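Since this is a predicted model, take the numbers as computed values, not measurements.
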Amino acid sequence: QVQLTESGGGLVQAGGSLRLSCAASGSTFAISSMSWYRQTPGKQRELVASISRSGNTNYPDSVKGRFTISRDNAKNTLYLQMNSLKPEDAAVYYCRAFGFTVEADYWGPGTQVTVSS
């Protein structure tokens, strides 16, 4: 009952910044934690940031200090602020939302981020 739609992807030069957004619709009251993943051709999808309903965040070392995840529960929107972008950050970025059951696992269709040097 939850639909996710990412936006904000595009082309940016190395060292630049982008802000991704993920709009949630449907039964948004049932959303618990949310997260951002990314995937490049030939690689597995990897977690880049997560945030709980209360605002607790987690990042892998690869993006820590450069990326910031946030959420506006009133607007049902998730954000990913990406600074100091590197070519290795280029990927399709996906939004994910969890509910309170095992079955409540939702994904957006993804948005492309390209980093040039």
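Within a 6.0 Å sphere centred on CD of Gln112, heavy atoms belonging to other residues, nucleotides or ligands number more than 12. When the shell of 6.0 Å around CD of Glu88 is examined, it contains more than 12 heavy atoms from other residues, nucleotides or ligands. For Arg19, the CZ atom counts as loosely surrounded, since its 6.0 Å shell holds 12 or fewer non-hydrogen atoms of other residues, nucleotides or ligands. Heavy-atom neighbours of Gln39 CD from other residues, nucleotides or ligands within 6.0 Å: above the threshold of 12.
Annotation: side chain of Tyr79 is not in contact with side chain of Thr68 (no heavy-atom distance under 4.5 Å). Looking at Phe29 and Val2, their side chains never come closer than 4.5 Å, going by heavy atoms from C-beta outward. Between Leu47 and Trp36, the closest side-chain pair of non-hydrogen atoms is not below 4.5 Å. Residues Tyr59 and Val48 have side chains not in contact (no heavy-atom distance under 4.5 Å, counting atoms from C-beta outward).
Hydrophobic clustering (ILVMFWY, side-chain heavy atoms < 4.5 Å, transitive): Val92 and Leu80 are in distinct clusters.
Put simply, the side chain of Tyr106 never gets that close to the backbone of Gly99: no donor and acceptor are under 3.5 Å apart. At distances below 3.5 Å, not a single donor-acceptor pair connects side-chain atoms of Ser54 with backbone N or O atoms of Ser52.
For the atom pair Leu18 CG and Tyr93 OH, the distance stands at 9.0 Å (nearest 0.5 Å). Atom CG of Asn58 is separated from atom OG of Ser35 by 10.5 Å, given to the nearest 0.5 angstrom. We find the OG1-CG distance between Thr28 and Asn76 to be 3.5 Å, quoted to the nearest 0.5 Å. Summarising the geometry, atom CZ belonging to Phe67 is positioned 14.0 Å from atom OG1 belonging to Thr57; distances are rounded to the nearest 0.5 Å.
Closest heavy-atom contact between Ser62 and Arg38: OG-NH2, 3.9 Å. Taking both residues in full, the closest heavy atoms of Ile69 and Ser50 are given as CG2-O, 3.6 Å, listed atom of the first, atom of the second, then distance. Of all heavy-atom pairs between Leu4 and Cys95, the closest is CD1-O, 3.6 Å. When all heavy atoms are compared, the tightest approach of Ala49 to Pro60 is N-CD, 4.4 Å. Of all heavy-atom pairs spanning Arg71 and Ile51, the tightest one is NH1-O, 3.6 Å.
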(message) I'd like to know whether Leu20 forms a side chain to side chain contact (heavy atoms under 4.5 Å, CB included) with Gln81, so could you lay out the CA-CA distance, the side-chain angles of the two residues, the decisive distance to 0.1 Å, and finally the verdict.
(response) CA-CA 6 Å; Leu20 306 182; Gln81 179 66 47; over 6 Å; no
Before giving the answer on side chain to side chain donor-acceptor pair (under 3.5 Å), spell out for Glu6 and Thr111 the whole-Å C-alpha distance, their side-chain angles and the decisive distance to 0.1 Å. CA-CA 6 Å; Glu6 303 95 339; Thr111 185; over 6 Å; no
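By the side-chain contact (heavy atoms from CB on, under 4.5 Å) test, Arg66 is found to be paired with Val63, Ser84, Lys86, Asp89, residues two or more places apart in sequence or in another chain being considered. In terms of the ring-ring contact (aromatic ring centres under 6.0 Å, His included) criterion, residue partners of Tyr37 (sequence neighbours excluded) are, by chain and number, Trp107.
A cation-pi arrangement is found for Arg45 relative to Tyr94, the charged atom lying closer than 6.0 Å to the ring centre and inside a 45° cone about the ring normal.
Asp72 and Thr77 share no donor-acceptor pair across their side chains, judged by distance under 3.5 Å alone.
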